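Single-structure report; data block below.
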Amino acid sequence: MPKGIDVSNVAKDFELESLKQGLRLDGRKLNEFRDVEINIGNSYGSVDVKLGKTRIAVRISAEIVAPFEDRPFEGLFMINTEISPMASAMFESGRQSDEEILISRLIEKAVRRSNALDLESLCIIAGEKCWSIRADIHYLDYDGNFADISCIGVLCALLHFKKPDITINEHQEIIVHPINERVPVPLSILHIPICVTFAFFNPNDVEENIKGDSNAELIVVDPTMGEELLAYGSLTLTMNKNRELVQISKAGGLSIDAMVIMDCSNLAYEIACRITDQIREAIKADDAKRAEKRLEIRL
Amino acid sequence: MEVYSPEGLRADGRRWNEVRNFKCHINTHQNSSDGSSYVEMGNTKVVCLVSGPMESPSSGRKPNSSSNLTVSISMPSFVSNSRKKFKKNDKRIQELCIFLVKTFEQIVIMKNYPRTIISISIVVLSQDGGLLPSCVNAITLALIDAGISMYDYVSSINVGLYDTTPLLDLNHLEENDLSFLTLGVVGKSEKISLLLLEDKLSLDNLEKLLAIGIVGCHRIRDIMDQEIRRHGNLRLSKITNK
């Protein structure tokens with residue numbers, strides 16, 4: 001949750017009161033995810049994703065480097081998440097705030113640690129040469145929920161990215177064939193992790209939350225900036241279509257009953273399935289468009 | 001090496017639902033801090049010192065600019081088998097600190113301590129799995145020792161999954177092999193304040209792990225409660241004997 005913007009008491013009460021009645025300021029239901037809009041750019045691996053007003057651009061780049069000595073059969077993959085003040089005035093450049101650290105660790109765990117990108121397929125000559133894939137996330141506009149959108153953006157971009165084809169000649173030299181000479185090869189993506197964030201609100205006082213057993217805490221999916229500012233804690237679940245939990249992170253905040261967390265995870269699974277299909281469709285549509293273009297050029 | 005044998009024994013001889021030897025003491029560093037504790041979960045050993053509530057050192061700071069609770073963890077290079085330097089700005093340690101701050105902000109009755117800071121520092125003496133749980137337990141004890149008002153205990157433990165068998169309180173070897181869930185539970189309730197999973201786990205197994213984790217947390221809470229009461233009685237007897 002970003003700090004630095006003070007919300008007036010009137011606005012706070014209004015928002016909480018409307019949430020208690022099951023209404024959100026942008027007209028969504030409490031368990032409704034915002035619509036994801038995926039725009040695929042001209043070059044391979046450049047994607048622009050919108051989630052309501054939150055907007056990011058992801059760009060993938062690849063180069064050939066030497067692998068780490070202790071992992072000769074694996075390529076390199078890094079994700080750069082630096083939130084600039086462009087997204088919102090509350091982010092400072094240079095110094096990383098707590099929220100930024102949490103977001104970057106979350107993306108790291110959801111995408112890199114879960115092996116979404118098959119690192120072994122990036123190896124060219126064991127111990128000598130491998131591909132290094134780098135994902136740069138540019139945060140363009142902030143209206144809450146950077147975690148979920150970053151994950152969608154990175155996965156879209158990775159699925160769309162194609163690296164140039166290579167061959168190794170008899171002198172063990174690597175020849176990189178430019179994209180217009182040979183058809184480039186896609187990356188091998190093992191699964192598509194999708195993050196879903198829930199924000200918690202407490203309609204009663206703190207004591208009721210800790211001692212009582214009413215479980216009246218309000219749970220909101222995909223919080224906007226206004227909601228993030230007022231929420232007491234959040235829970236981010238990362239899942240893929242195979243009913244696997246990739247990562248869970250609930251850093252303190254309101255205490256939530258275990259059964260409620262189970263309900264959240266079932267809801268998150270439905271959302272993850274829907275978004276996975278949407279990503280796949282977007283990529284497929286773009287592939288078809290490109291194939292058509294190629295055909296036109298040949299004719 | 002086998003993590004869990006067909007006979008139902010783990011590498012260190014425990015059954016699936018057995019916690020490692022849990023030892024705790026409070027008021028271990030009377031002169032250097034306001035509250036202190038020492039927690040041992042098997043071979044993981046942690047010392048926690050609390051100072052505060054005290055005046056904020058930078059007096060010009062805005063009262064609600066950031067949290068009044070700070071946590072720092074120091075990991076000397078001898079904590080694990082491979083002698084390795086831990087950088088102060090290691091992202092993983094920073095993440096742990098943020099998790100701990102956010103957990104205890106809700107549990108400490110912060111409205112009783114406006115415009116003051118409570119600083120918690122943890123020194124890890126030996127790391128054998130379950131670092132986050134032992135930090136949570138140590139902080140709970142040290143805050144109680146410092147006399148800081150809290151709503152309830154927070155107790156924490158991790159649970160792993162081996163095939164279909166849940167294993168309670170993993171050590172370092174098991175943590176490396178299995179995917180595990182770390183939970184922090186408030187008091188005797190079933191409410192989860194802290195939840196962390198870093199590796200893949202099937203969704204259908206989550207409920208099982210949560211249920212066993214909560215029971216484990218309650219057991220840890222009972223041991224901590226006993227130690228607090230024992231220490232309290234000891235102090236009381238000292239006063240009455242005078």
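Each chain gets a letter, A, B and so on, in the order the sequences are listed, and its residues count up from 1. Worth saying up front: this structure is predicted, and the values here are computed from it rather than measured.
Of the listed residues Ile101(A), Ile248(A), Val260(A), Leu254(A), the one with more heavy-atom pairs under 4.5 angstrom with chain B than any other is Ile248(A). Ranking Ser265(A), Ser255(A), Pro193(A) against chain B, the residue ahead of the rest is Ser255(A), based on heavy-atom pairs under 4.5 Å.
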Exercise for the section: Let me see the working for Ile256(A) and Ile192(B) under side chain to side chain contact (heavy atoms under 4.5 Å, CB included), right down to the final yes or no. Expected result: CA-CA 5 Å; Ile256(A) 299 295; Ile192(B) 293 166; 5.7 Å; no
Exercise for the section: Under the side chain to side chain contact (heavy atoms under 4.5 Å, CB included) rule, what do Lys102(B) and Leu102(A) come out as? Steps first, then yes or no, please. Expected result: CA-CA 12 Å; Lys102(B) 293 205 170 191; Leu102(A) 285 188; 4.2 Å; yes
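Separating the CZ atom in Arg105(A) from the CD1 atom in Ile98(B) is a distance of 10.5 Å, to the nearest 0.5 Å. To the nearest 0.5 Å, the span separating SG on Cys97(B) from CG on Asp98(A) amounts to 9.5 Å.
The local environment of NE2 in His172(B) is sparse, with at most 12 non-hydrogen atoms from other residues, nucleotides or ligands closer than 6.0 Å. Within a 6.0 Å radius of CZ in Arg280(A), no more than 12 heavy atoms belonging to other residues, nucleotides or ligands are found. Other residues, nucleotides and ligands contribute more than 12 heavy atoms inside 6.0 Å of the CZ atom of Phe78(B). Atom CD of Gln94(B) sits in a crowded spot, with more than 12 heavy atoms from other residues, nucleotides or ligands closer than 6.0 Å.
Heavy atoms of Leu181(B) lying under 4.5 Å from chain A belong exclusively to its side chain. Using a 4.5 Å cut-off between heavy atoms, Ser104(A) contacts chain B through its side chain alone, with no backbone atom that close. Proximity to chain B (any heavy atom under 4.5 Å) is restricted, for Ile261(A), to the side chain, taken from C-beta onward.
Pairs of residues two or more places apart, or lying in two chains, that qualify as salt bridge (charged side-chain N to carboxylate O under 4.0 Å, His left out) and include a residue from residues 261-277 of chain A are Lys241(A)-Asp277(A).
Residues satisfying the salt bridge (Lys or Arg N to Asp or Glu O under 4.0 Å) criterion with Lys91(B), sequence neighbours excluded, are absent altogether.
Of all non-hydrogen atoms in Ser249(A) and Phe99(B), the two that sit nearest each other are OG-CZ, 3.8 Å.
Residues of residues 195-223 of chain B having a heavy atom under 4.5 Å from any heavy atom of chain A, listed by number: Leu195(B), Leu196(B), Leu197(B), Glu198(B), Asp199(B), Lys200(B), Leu201(B), Ser202(B), Leu203(B), Asp204(B), Leu206(B), Glu207(B), Leu210(B), Ile214(B). When the heavy atoms of residues 108-117 of chain A are compared with those of chain B, the residues falling under 4.5 Å are Lys109(A), Arg113(A), Ser114(A), listed by number.
A donor-acceptor pair is defined here as one N or O able to donate and one able to accept, closer than 3.5 Å; no such pair exists between the side chain of Lys191(B) and the backbone of Ala258(A).
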